[in-house]
Amino acid sequence: MNKISIVGAGMTGATTAHWLAERELANLVLVDVVEGMPQGKSLDMLQSMPVIGRDVSILGTNDYADTAGSDIIIITAGLPRKPGMSRDDLLSANADVVGKAATETLKHSPDAIYVVLTNPLDTMAYLTLKLNKLPRERVIGQAGVLDSARMRAFVAQETGVSVENIQCYVLGGHGDEMVPLTHHSNIAGIPLRDYLPADKLEAIVNRTRKGGGEIVNLLKSGSAYYAPSAAVAQMSEAILKDKHLILPCSVYMQGEYGLSDIFFGAPAMLGRSGMEKIIEYKLDPDEKALFDKSAAAVKDTHEALKKLVKI
Ligand SMILES: NC(=O)c1ccc[n+]([C@@H]2O[C@H](COP(=O)([O-])OP(=O)(O)OC[C@H]3O[C@@H](n4cnc5c(N)ncnc54)[C@H](O)[C@@H]3O)[C@@H](O)[C@H]2O)c1
């Protein structure tokens, strides 16, 4: 049986464990600093396995030693946004937490593939890669599956077409400058920009960009967790089943899209070795301009990180 350890047993971490257990993909470990909480949630979840008929073990712990031999480490530890905050506002609080999670887990699972969720996402993935000195295949940020799923959900609501027919690609940084592509996104092969009137499409693009903030404002404390954790479960499955599945992910660029030394959202092929390949789309000049603007924002956050942490 494969093993997945999730650092941070809060809303996103625990819900990730839930989706993963349902898929019977791996034995699971939930780690958190709060004593008793990961143990309690894990025991509760473990007791639901007989009901849904899944044979997986779920262990809650405060000890990184229990993560030993993990195939995948998922990092969701750290503060979520409050209303009015941007993801970048979390940088200094979360850099320490993610740094510790990354280095402590690597000691016990030297071959693990990392999937990072903590915000600011692209920069926390960058921190994990740099601190742990890993090849880029082994560190992937979760953003694009979620942002694209939000857009898919809005398109389905607008059109009444099944979500299964709707493919959307939201690329770029996981912030307000993210880039929902309206030509590559399609309904059963028809580009969205040909299917929907321009005003409706623009409204969907804008709502997608602010999709996380909309939920933060409604919840008033905490941020989204069902869709983010479903996204990371899909990524984990693609890795462990060696599916060579192309999903929008935050990946370390080495020249792709004209970008280097930055984590940025692009379609990437996921398989047993992690991030196997970055797919380069042909972008029209408008899309390229949005891409560059988003990359500049992510670069700024990477630079702010370098002032806080020696990497
Ligand atoms: N990339 C994405 O799409 C995405 C989606 C959802 C949430 N997030 C981010 O994930 C993070 C967690 O969100 P959440 O909603 O689960 O928050 P949460 O507050 O419910 O859970 C965070 C957990 O991290 C734990 N924690 C804090 N410091 C720790 C440490 N040093 N070691 C281990 N655990 C530690 C806390 O005790 C808490 O249980 C936030 O930064 C949020 O912005 C990202």
Side-chain angles (χ1 to χ4, degrees), residues 87 121-122 140-215 224 226-228 230-235 237-238 243-251 253 255-259 262-271 275-298:
R87 293 177 178 92
L121 180 271
D122 304 289
I140 309 158
Q142 188 306 112
V145 177
L146 168 67
D147 298 328
S148 304
R150 285 183 172 145
M151 187 166 170
R152 291 170 73 187
F154 298 147
V155 172
Q157 277 185 328
E158 178 61 41
T159 60
V161 176
S162 165
V163 289
E164 290 187 78
N165 280 137
I166 299 167
Q167 294 304 327
C168 290
Y169 299 94
V170 180
L171 308 184
H174 186 51
D176 295 343
E177 310 290 351
M178 67 180 73
V179 188
L181 297 181
T182 55
H183 175 68
H184 295 82
S185 301
N186 66 80
I187 299 184
I190 305 168
L192 268 193
R193 57 168 85 153
D194 298 339
Y195 196 101
L196 280 168
D199 58 330
K200 297 257 193 277
L201 189 53
E202 196 188 336
I204 288 173
V205 163
N206 287 335
R207 193 172 176 199
T208 300
R209 282 211 181 100
K210 295 180 188 138
E214 182 179 356
I215 293 171
Y226 288 114
V232 77
Q234 184 184 34
M235 292 167 70
E237 181 166 39
K243 283 173 81 87
H244 313 296
L245 182 67
I246 298 171
L247 293 172
C249 302
S250 180
V251 288
M253 298 289 186
E256 293 86 1
Y257 293 96
L259 299 171
I262 179 174
F263 263 82
F264 203 60
M269 186 182 284
L270 302 189
M275 195 282 288
E276 300 181 322
K277 187 173 160 186
I278 296 174
I279 314 299
E280 286 198 70
Y281 285 166
K282 280 196 183 126
L283 300 177
D284 64 29
D286 289 355
E287 291 168 335
K288 180 74 173 72
L290 291 173
F291 232 60
D292 291 343
K293 190 172 172 209
S294 179
V298 175

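- In this structure, Leu192 CG and Tyr169 OH are separated by 11.0 Å, a value rounded to the nearest 0.5 Å.
- With contacts defined as side-chain heavy-atom distances shorter than 4.5 Å, the pair Cys249/Met275 does not qualify.
- Between Tyr195 and the options Ile190, Leu201, Thr182, a side-chain contact (heavy atoms from CB on, under 4.5 Å) holds for only Ile190.
- Among residue pairs with one or both ends in residues 145-164, those qualifying as side chain to side chain donor-acceptor pair (under 3.5 Å) are Asp147-His174; sequence neighbours excluded.
- Scanning all heavy atoms of the two residues, the minimum distance from Ala231 to Val145 falls at CB-CG1, 3.6 Å.
- For residues 194-207, the pairs satisfying salt bridge (charged side-chain N to carboxylate O under 4.0 Å, His left out) are Arg207-Glu214, with sequence neighbours left out.
- Taking 4.5 Å as the limit, every side-chain heavy atom of Val170 sits out of range of all side-chain heavy atoms of Pro248.
- Note that CG of Leu181 is 8.5 Å distant from CZ of Arg193, once rounded to the nearest 0.5 Å.
- The existence of a salt bridge linking Arg87 and Asp122 is excluded, since no basic side-chain nitrogen approaches an acidic carboxylate oxygen closer than 4.0 Å.
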Query raised in the report: Could you walk me through whether Thr208 and Phe154 pass the side chain to side chain contact (heavy atoms under 4.5 Å, CB included) check?
Result: CA-CA 8 Å; Thr208 300; Phe154 298 147; 3.6 Å; yes
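- No side-chain donor-acceptor contact under 3.5 Å links Ser250 to the backbone of Gly265.
- Listed for the Gln167 side chain is no donor-acceptor partner under 3.5 Å among the backbone atoms of Ile187.
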Query - Intermediate values then yes/no, side chain to side chain contact (heavy atoms under 4.5 Å, CB included), Ile262 and Met253 - result: CA-CA 6 Å; Ile262 179 174; Met253 298 289 186; 4.0 Å; yes
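- The shortest distance between side-chain heavy atoms of Ile279 and Glu256 does not fall below 4.5 Å.
- Note on Asp284 versus Lys288: no salt bridge recorded, every NZ/NE/NH1/NH2 to OD/OE distance being 4.0 Å or above.
- When each of Leu247, Leu245, Ile246, Ile278 is checked for a side-chain contact (heavy atoms from CB on, under 4.5 Å) with Met269, only Ile246 meets the rule.
- The closest side-chain heavy-atom distance from Met178 to Leu290 is not below 4.5 Å.
- Rounding to the nearest 0.5 Å places OG of Ser294 at 3.5 Å from CZ of Phe264.
- A distance of 13.0 Å separates CG of Leu270 from NZ of Lys277, quoted to the nearest 0.5 Å.
- Counting heavy atoms from C-beta on, the side chains of Phe291 and Leu171 come closer than 4.5 Å.
- Ring geometry for His184 against Tyr281 counts as parallel: the plane angle stays under 30°, on a 0 to 90° scale with 60° as the upper cut.
- Side-chain contact between His183 and Glu287 is present, with heavy atoms from C-beta onward closer than 4.5 Å.
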